[in-house]
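Note that the coordinates shown come from a computational prediction; the quantities given were computed from them, not determined experimentally. Indexing begins at 1, ligand by ligand and atom by atom, following the structure's order. In what follows, every heavy atom counts, from backbone to side chain, and hydrogens, waters and symmetry copies are set aside. When a residue number appears, it is its place in the shown sequence, counting from 1.
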Amino acid sequence: MASTGSKVVILGTGGTIAGTAASATDSIGYRAASLGVEAVVAAVPALQGQALECLQVAQTDSKDMDAAVWQALGRALAQQLARAEVAGVVITHGTDTLEETAYFLHRVLAPRKPVVLTAAMRPATALMADGPQNLLDAVTLARDAAWCGVQAVLGGRVYGPLDLRKRHGWQLDAFGSGDAGLLGLVQDGVPRRFRDLRAAPPHAAAARLLSQDERDWPVVDIVSSHAGARGAVIDALVAAGAMGLVIAGTGNGSLHQALAQAAERARAAGVAVVRASRCLDGGVVGAPAGALPSYGALTPWQARIELMLDLMSGGVPDVVPGAVPDPGLRPR
Ligand code: ASP
C-alpha cells in the first residue's frame with residue numbers, strides 16, 4: 001500500500017542502541033537490549049511531539065537473531081505497513097546482523113513504503129551515544145515517501161538492503177556499502193539521494209515463510225573455505241539435518257578441494273549447495289566448468305536467506321552452475 005499518512009511506527013528489537021553500561025565511558029562492556037523502545041525514543045528531544053508509535057517486537061542482542069524474531073518482525077512490519085495512516089516504519093536493531101535482517105525484510109516484504117533500520121555502535125549510556133542521531137535520521141527517512149523500500153541509516157549514511165556490510169568490529173564508522181555505494185546521506189534532517197532503490201517483488205515463497213511455523217523453515221547452514229578446511233564439517237551438517245548449505249569460498253567463490261568433495265557427497269544426499277565468496281565485496285562472477293551454482297553478488301549471509309526461500313518454494317538451484325539469477329538482477 002502506498003502511503004497517505006504521516007505516522008511513523010518504531011519497531012524495537014533490541015541491540016546496542018537499546019544497550020546500557022555502568023559507566024558513560026564504557027562502549028565495550030555494556031549490555032545490549034536493556035532499554036525498551038519507548039525509552040530509546042524518549043532520549044531524543046527532537047522526536048517528542050512527533051506522530052510516532054512504538055512497538056516492542058523483540059528484545060535481543062542481534063548476534064542471537066533467529067527465525068522466531070524474523071518471523072515476528074516480518075509479521076509486525078506487514079501489519080504496520082498495511083495501515084493507511086502509517087507513512088513508514090523504523091526498526092531499531094543491533095549492528096551485528098543488521099545486514100541480514102535488512103536483506104530478509106527486503107526479500108520477504110519488498111515494502112512500498114519506507115522501512116528504515118537503524119542501530120548504534122555505542123550504548124545509550126555512552127558519553128557520545130550515536131543512537132539518538134541515527135534514530136532521528138531514520139524517522140526523517142521513514143516520513144519521506146521518496147525513500148520507499150528497506151534501507152538502513154547510520155552516521156548519516158543511507159545503505160541499500162543488498163549493499164549494507166558491517167565491516168568493523170567496534171569503530172563508530174563501522175559500515176560499508178559494497179561495490180554499489182550509498183543510497184544517500186542525511187544531514188541536519190535533509191536527505192540527499194544518490195540513486196534509487198529498485199522496486200522488487202517479494203520472493204515467491206515470502207507469504208509462506210511468514211505464515212508457516214518458523215520451526216519448519218528449511219535449515220540452511222554456512223561453511224567457510226580456508227586453509228586446512230575439513231570436509232567432515234559438511235558431512236556433520238548433513239548428518240545434523242541441513243537441507244541447504246552455503247559455502248563461503250575464497251576469492252571468486254573457489255573451494256578447498258576437501259570441501260568440494262564433501263559438497264558433492266552432500267548433493268548426492270539431496271542437499272542443495274551453493275557457493276559464495278568470503279570476500280567482503282565482489283560476490284561471485286562466472287562459473288568455471290563443474291563449479292557449484294552461486295547467487296552472484298550475494299554475500300554468504302544473504303545467500304543463506306535466498307536459499308531458504310528457494311528451498312521453501314521448491315526451486316532448488318541445483319541447476320547448471322552459474323545459472324542461478326542474482327536477485328538484484330531479476331526482472332522487476
Ligand atoms: N551485539 C550488538 C547487537 O548486534 C551489537 C550492536 O548492536 O552494535 O545487538
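The pair Arg195-Asp163 meets the salt-bridge criterion, with a side-chain N (NZ, NE, NH1 or NH2) lying under 4.0 Å from an Asp/Glu carboxylate O.
Hydrophobic clustering, defined by side-chain heavy atoms of Ile, Leu, Val, Met, Phe, Trp and Tyr closer than 4.5 Å, groups Ile28 together with Trp170.
Note that CD of Gln133 and CG of Leu136 are 5.5 Å apart. Values are rounded to the nearest 0.5 Å.
Ala68 is linked by a side-chain contact (heavy atoms from CB on, under 4.5 Å) to Asp66, Glu214, counting only residues two or more places apart in sequence or in another chain.
Ligand 1 is surrounded by Gly15, Thr16, Tyr30, Asp61, Ser62, Lys63, Gly94, Thr95, Asp96, Ala120, each with at least one heavy atom closer than 4.0 Å.
Closest approach of Ala120 and Thr16 over heavy atoms only: O-CB, 3.4 Å.
Counting only residues at least two apart or in different chains, salt bridge (Lys or Arg N to Asp or Glu O under 4.0 Å) contacts with residues 279-304 comprise Arg165-Asp281.
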